[in-house]
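By convention in this document, chain letters (A, B, ...) are assigned in the order of the sequence lines, proteins followed by strands, and residues within each chain are numbered from 1. If you're wondering where the values come from, they're calculated on a predicted model, not measured in any experiment. In what follows, every heavy atom counts, from backbone to side chain, and hydrogens, waters and symmetry copies are set aside.
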Amino acid sequence: MKPVRPQFVPEPGLDREEMLALQRELTAAAVFEDDLSFSPAEVALVEPVQSRGPNRSGDHTLASFSKGDSLTLEGDTLASNGDAFADVDPGGPPVVAGVDQAFIDDRAISAVVLLQGRDVVGWAHAVSEPPIPYVPGLLAFREGGPIVDALATLAVEPDLLVFDGSGRIHFREAGLATHVGVVFDCPAVGVAKSLLCGTPDEPTDGRPEGWSTPIRVGADDDVTAPEGTVIGYAYQSRQYDGEPRINPLYVSPGHRASAETARELVAALSAGYKLPEPTRLADRFADELKGKLANDT
DNA sequence: GCGACAG
DNA sequence: ATCTTGTCGC
């Protein structure tokens with residue numbers, strides 16, 4: 001896929017004010033309403049993808065992303081591979097991309113896994129040097145570039161992008177999911193493991209599986225959206241029966257999805273683990289790449 | 001000035 | 001994000 005709005009690609013070398021300015025422009029282009037070509041029910045998963053047997057084509061194994069995953073090191077963005085897409089079913093369920101990152105010293109590994117229903121139909125990755133350190137509110141300028149590079153190698157257009165990080169739950173409503181979603185003008189949702197900003201309607205501790213509560217802009221919250229706006233949801237994707245101790249997920253719209261739909265999509269994509277399958281698999285993929293990269297270098 | 005803050 | 005053993009439970 002190609003960036004539809006290259007002017008918003010997070011390039012290195014910007015100072016803080018320029019990054020903030022870019023985020024404000026980006027937010028104006030973001031759509032926090034449903035503009036999807038499918039419904040959450042169409043991406044519903046019942047069981048974890050990795051526990052299934054050989055898929056339709058029979059040669060993908062999630063335990064080792066073994067098909068076409070050789071690493072090629074060249075240039076600043078050192079590697080990417082957008083191959084292995086022969087298995088996409090044109091008439092099948094929506095294609096969902098999960099995106100995550102891992103780090104080794106001063107290198108960032110961006111990993112993308114493509115899911116169509118319960119089939120892994122492709123993956124891609126990019127290795128690069130993070131332009132800036134982690135700064136709350138500026139994550140897209142640290143991880144966004146390599147992610148765009150990896151996504152750009154995809155031979156098919158995903159119907160949905162799922163990120164590990166916030167979307168609209170962000171000081172300027174311009175989290176990683178929103179930023180990259182707008183760059184590709186692709187429906188996107190953000191899935192964070194902790195809350196960046198905003199206020200839950202109710203306390204989130206010890207909630208049962210399936211529970212959720214809105215995240216709103218409170219009077220004391222430093223968020224550009226009007227007070228009272230629902231910018232996301234706390235969603236309990238998994239919980240233990242006995243002593244509840246799993247924290248909820250913080251789901252928010254990235255682009256072209258409402259907060260409610262973002263929550264429903266994440267619920268439909270969850271299959272027994274805390275993280276929804278796309279993000280969980282991307283996380284595993286990133287770890288695997290990290291291991292291979294640690295040796296070779 | 002102090003605090004709080006995705007990954 | 002990353003550094004990491006054992007441990008409780010299905």
What integer distance in Å separates H170(A):NE2 from dA4(B):C1'? 14 Å
Once you round it to whole Å, what is the distance between C1' of dA4(B) and CG of L195(A)? 11 Å
Are the charged groups of E277(A) and R280(A) less than 4.0 angstrom apart, N to O? yes
Sugar-phosphate, base or nothing in reach of F171(A), heavy atoms under 4.0 Å: base
Hey, does I169(A) reach any base, or is it just sugar-phosphate, or nothing, if we go heavy atoms under 4.0 Å? nothing
Starting at atom CZ of R107(A), determine the distance to atom P of dA1(C), rounded to an integer number of angstrom. 18 Å
Picking from dC5(B), dC8(C), dG7(B), the nucleotide nearest the side-chain atoms of A192(A) would be dG7(B)
Between H255(A) and F184(A), is the gap from one ring center to the other below 6.0 Å? no
Integer-rounded Å distance: dC3(C) C1' and D287(A) CG: 14 Å
Strictly below 4.0 Å: does K193(A) bring a side-chain N or O up to OP1 or OP2 of dA6(B)? no
For A102(A), answer base if it contacts any base atom (sugar-phosphate contacts may also be present), sugar-phosphate if it contacts only those atoms, and nothing otherwise; contact means non-hydrogen atoms under 4.0 Å. sugar-phosphate
Centroid distance under 5.5 Å and plane angle under 30°, Y134(A) vs dG7(B): yes
Separation of dA6(B) P from F141(A) CZ (nearest whole Å): 17 Å
Shared hydrophobic cluster for F32(A) and Y233(A) (ILVMFWY, side-chain gaps under 4.5 Å): no
Considering only dA6(B), dG7(B), dA1(C), which nucleotide approaches the side chain of F103(A) most closely? dA1(C)
Rounded off to whole Å, could you give me the CD1-to-P distance for the I104(A) and dT2(C) pair? 9 Å
Given side-chain contact (heavy atoms from CB on, under 4.5 Å), test V96(A) with L265(A) step by step and report yes or no. CA-CA 10 Å; V96(A) 182; L265(A) 286 168; over 6 Å; no
Assign I147(A) to base, sugar-phosphate, or nothing according to its heavy-atom contacts below 4.0 angstrom with the strands shown. nothing
Between K290(A) and D241(A), just flag the one whose closest nucleotide in DNA chain C comes earlier from the 5' side. K290(A)
For I132(A) and dC5(B), give me the distance from atom CD1 to atom C1', rounded to whole Å. 14 Å
Selected nucleotide, minimal atom distance to P136(A) side chain, candidates dG7(B), dA6(B), dT2(C): dA6(B)
Ignoring backbone atoms, test whether S194(A) places a side-chain nitrogen or oxygen under 4.0 Å from the OP1 or OP2 oxygen of dC5(B). no
dG7(B) P sits how many Å from D164(A) CG, rounded? 7 Å
Could you please spell out the steps behind the side-chain contact (heavy atoms from CB on, under 4.5 Å) verdict for I215(A) and V230(A)? CA-CA 6 Å; I215(A) 304 294; V230(A) 176; 6.0 Å; no
